[in-house]
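Note on naming: letters A, B, ... go to the chains in the order of the sequence lines (proteins, then strands), and numbering restarts at 1 for each one.
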Amino acid sequence: MAKTSLKQPAVFQRDLLVWYQAHRRQLPWREAPSLYRTVVSEFMLQQTQVKTMLPYFARWMDALPDFAALAAADEATVLKLWEGLGYYSRARNLHKLARALVALPETPPTAAAWQQLPGIGPYSAAAITSIALGVASACVDGNVVRILARLTADSTEFRDSASASKVFTPLAESLLSHENPGDHNQAMMELGATVCHRRNPLCTICPVRAHCAGCAQGEPESFPRLAAKKIEKVSITRAWCERDGKLLLHRIPTTSRRLAGQYELPSDEHVLVPAKAPVLAVRKRGITRYAITETIKRIPVPSSLPNADLMWVPRAELDTITLSGPHRRWITELLKPDG
DNA sequence: AAGTCGGGGTG
DNA sequence: CACCCAGACTT
């Protein structure tokens, strides 16, 4: 059973907020805050580091500056802007959310109401309502779990981050500043991102070190304890085939659970790849729990296309389609004259 | 409760 | 390589 309070919650709040006011990073959604910018940033930040999403955020705001613009956009535009960021259901849900919000008579005022909207779970509901609306609702993300596990030196072994979040929610709520919940929540996450690192935490400069049982105990890095994930190794062979300035690609069916509607280099499930076909490249990447090795081989031009989802895409059109993940980069590399 | 969904940062 | 990242949704 996790603790639900610290010895001096009011002092903790003050130490945290004073530090945050002095050390917070200048981020686009903080410099020019708005509900829309808060919502878009929170969607992009789900399971994604700030550094990774920053260029996507700038590009997105340039193209779709407000809820009205997003609601009026077509899905292809939305997914193209999201290309490369991953977890594409986030983009579809954000699109749905914009259309739902513009149809409402007023902005939902509570975290519970926000959580009924597409793509909004417990974390996002708390983040959006506290930051943009001043609602006293505590965020519990990976950063907060790590900080709270260390503050309380909680050695519980959690199945996964979801169950840990649930366990620490009461403590997070008890520590929340009701005067300034938005800054408090952002301060917790900022502390986790810039000081209370998963490994090598910077305890010597930590503003709440005096409140931290994990630090006092000497091994803050040992918290939180999470069950190890099982990674499965997978190998995929893909085909590279050019003809008359066109590239053979596979369009993932829109009914597919993952990467629906996106394009990719055809795998050997879609087209015959001779075992002796020359290897052009070997690439490794991870998708969720799979460690994938992809071998790209040059194949002869097939006499006919066996699958309706296979198509010849002119090089000039490659920039207009949405490509699955690293395929964009691989294709760019392999299309170079010396590649 | 367990599985699934991307891609990149970092020790 | 392993683990994590301002998680949410489906089964």
Side-chain angles (χ1 to χ4, degrees), chain A residues 24-25 27 29-30 37-57 79 82-94 96-97 114-128 130-132 137-147 158-166 169 172 182 184-194 196-201 221 224-233 252 256-260 262 264 283-294 322-330:
Chain A
R24 66 183 213 162
R25 292 169 291 180
L27 298 171
W29 52 93
R30 289 179 182 164
R37 292 164 73 85
T38 299
V39 167
V40 173
S41 67
E42 290 303 338
F43 269 74
M44 288 188 173
L45 286 165
Q46 288 171 12
Q47 293 295 288
T48 304
Q49 296 186 169
V50 169
K51 182 179 179 181
T52 301
M53 58 73 86
L54 277 176
Y56 289 88
F57 184 83
L79 288 175
W82 207 272
E83 182 190 84
L85 197 50
Y87 283 139
Y88 297 92
S89 63
R90 291 184 296 174
R92 300 179 206 275
N93 284 335
L94 177 55
K96 288 182 200 165
L97 172 62
W114 274 84
Q115 205 174 326
Q116 302 307 310
L117 296 168
I120 307 284
Y123 163 77
S124 298
I128 291 166
S130 68
I131 295 170
S137 187
C139 292
V140 185
D141 72 334
N143 290 306
V144 175
V145 166
R146 188 168 59 254
I147 292 168
F158 298 100
R159 294 198 264 42
D160 51 39
S161 58
S163 65
S165 298
K166 193 171 296 183
T169 294
H184 176 99
N185 281 328
Q186 293 190 79
M188 289 289 280
M189 297 187 282
E190 191 83 346
L191 186 67
T194 65
C196 197
H197 300 300
R198 182 171 66 89
R199 278 184 285 191
N200 301 325
E221 208 172 323
R225 293 180 57 194
L226 289 167
K229 296 180 179 178
K230 348 172 176 51
I231 303 295
E232 187 175 337
K233 292 182 180 178
I252 301 172
S256 168
R257 237 165 111 352
R258 50 166 233 235
L259 305 176
Q262 298 197 29
E264 62 180 356
R283 295 287 185 274
K284 292 181 184 296
R285 62 166 166 156
I287 296 183
T288 63
R289 69 185 192 86
Y290 299 98
I292 307 174
T293 302
E294 309 201 38
T322 302
L323 279 163
S324 154
H327 286 234
R328 167 74 62 194
R329 182 159 22 90
W330 299 346

Students often get this wrong, so: under 4.0 angstrom with heavy atoms, is A/P118 touching a base, only sugar-phosphate, or nothing?
sugar-phosphate
Using a cut-off of 4.0 Å on non-hydrogen atoms, how would the nucleic acid contact of A/W82 be classed: base, sugar-phosphate, or nothing?
nothing
Specify the separation, in whole Å, of atom CG of A/L79 and atom P of B/dG7.
13 Å
Rounded to whole Å, how long is the line connecting atom CD1 of A/I287 with atom P of C/dA2?
17 Å
Could you tell me how far apart A/R225 (CZ) and C/dC4 (C1') are, to the nearest whole angstrom?
18 Å
Identify whether any heavy atom of A/G84 sits under 4.0 Å from a base atom; if not, whether one sits that close to sugar-phosphate; answer base, sugar-phosphate or nothing.
sugar-phosphate
5′-ward residue of the pair A/Q49/A/I120 relative to DNA chain C
A/Q49
Taking 4.0 Å as the cut-off, does a side-chain nitrogen or oxygen of A/R90 come that near to OP1 or OP2 on B/dG6?
no
Separation between SG (A/C139) and CD (A/E42), nearest 0.5 Å, reads 6.5 Å
With sugar-phosphate meaning primed atoms plus P, OP1 and OP2, does A/S165 contact a base, only sugar-phosphate, or nothing at under 4.0 Å between heavy atoms?
nothing
Looking only at the side chain of A/N93 (C-beta and beyond, no hydrogens), which of the listed nucleotides B/dG6, C/dC4, C/dC9 gets closest?
C/dC9
Write down the distance separating the P atoms in C/dA6 and B/dG11, rounded off to the nearest Å.
14 Å
Atom C1', compared across B/dC5 and C/dC5: separation rounded to whole Å
14 Å
Heavy-atom check, side chain of A/K230 versus side chain of A/R289, under 4.5 Å:
no
Nearest to side-chain heavy atoms of A/R257, which nucleotide of C/dC1, C/dA6, B/dG3
B/dG3
Below 4.0 Å: OP1/OP2 of B/dA2 and any side-chain N or O of A/R159
yes
Take A/G142 and A/A291, find for each the nucleotide of DNA chain C with the closest heavy atom, and name the residue whose nucleotide sits nearer the 5' end.
A/A291
Just by modelled atom types, is the A/I252 backbone N or O under 3.5 Å from a matching donor or acceptor in the A/Q262 side chain?
no
When you measure only distances, ignoring hydrogens and angles, does the side chain of A/R198 come within 3.5 Å of the base of C/dC3 through a donor and an acceptor?
yes
Phosphate contact (B/dG8 OP1 or OP2) by A/R285 side-chain N/O below 4.0 Å
no
With heavy atoms under 4.0 Å as the rule, sort A/R24 into base, sugar-phosphate or nothing.
nothing
So what does A/I231 hit on the nucleic acid, given a heavy-atom distance under 4.0 Å: a base, only sugar-phosphate, or nothing?
nothing
Need one value for A/K230: base, sugar-phosphate or nothing, where a base atom within 4.0 Å counts as base even if backbone is also close, heavy atoms only.
nothing
Atom NE2 of A/H197 and atom C1' of C/dC3 are separated, to the nearest Å, by 15 Å
Going from CH2 on A/W330 to CZ on A/R283, what distance comes out if it is rounded to the nearest 0.5 angstrom?
8.0 Å
Working note: A/R90 + A/Q47, criterion side chain to side chain donor-acceptor pair (under 3.5 Å); need CA distance, chi angles, decisive distance, verdict.
CA-CA 11 Å; A/R90 291 184 296 174; A/Q47 293 295 288; over 6 Å; no
Nearest-Å distance, CG (A/N143) to C1' (C/dC3)?
14 Å
Kindly compute the distance separating CZ (A/F43) from OG1 (A/T48), expressed to the nearest 0.5 Å.
12.5 Å
Both A/R289 and A/N200 contact DNA chain B. Which one's nearest nucleotide lies toward the 5' end?
A/R289
Of all the choices, C/dC5, C/dA8, B/dG6, which nucleotide is nearest to the side chain of A/Y123 once you look at every atom?
C/dA8
Choose from C/dA8, C/dC3, C/dC5 the nucleotide whose nearest atom is closest to any side-chain atom of A/A228.
C/dC3
Is there a side-chain polar atom (N or O) of A/S89 under 4.0 Å from OP1 or OP2 of C/dA8?
no
If I take atom CG in residue A/L226 and atom C1' in nucleotide C/dC5, what distance separates them, rounded to the nearest angstrom?
13 Å
Regarding A/S163, tell me which of base, sugar-phosphate or nothing describes its non-hydrogen contacts under 4.0 Å with the strands shown.
nothing
In whole Å, measure the gap between the P atoms of C/dA8 and B/dG9 for me.
23 Å
What are the two closest heavy atoms between A/G192 and A/R146, and how far apart are they?
O-NH2, 2.8 Å
Look at the side chain of A/T48 against the base of B/dG6 and say whether a donor-acceptor pair falls under 3.5 Å; ignore hydrogens and angles.
yes
Rounding to 0.5 Å, atoms CG (A/L54) and CG (A/L27) come to a distance of 6.5 Å
Identify which nucleotide among C/dC1, B/dC5, C/dA6 has an atom closest to any side-chain atom of A/E190, counting heavy atoms from C-beta outward.
C/dA6
Calculate the interatomic distance between A/L45 atom CG and B/dG8 atom P; express it in whole Å.
16 Å
Side-chain N or O of A/R329 closer than 4.0 Å to phosphate OP1/OP2 of B/dG8:
yes
Looking at A/Q47, does any N or O in its side chain come under 4.0 Å of the phosphate oxygens OP1/OP2 on C/dC5?
no
Counting heavy atoms from C-beta on, name the nucleotide in C/dA6, C/dG7, B/dG7 closest to the side chain of A/P326.
B/dG7
Closest nucleotide of DNA chain B for A/D160 versus for A/Q262: which of these residues is on the 5' side?
A/D160
Measure from the side chain of A/Y290, starting at C-beta and using heavy atoms only, and say which of B/dT4, C/dC3, C/dA8 lies closest.
B/dT4
Suppose you measure atom C1' in B/dG6 against the same atom in C/dC4; what distance do you get, rounded to whole Å?
14 Å
Expressed as a whole number of angstroms, how long is the span from A/L85:CG to B/dC5:C1'?
13 Å
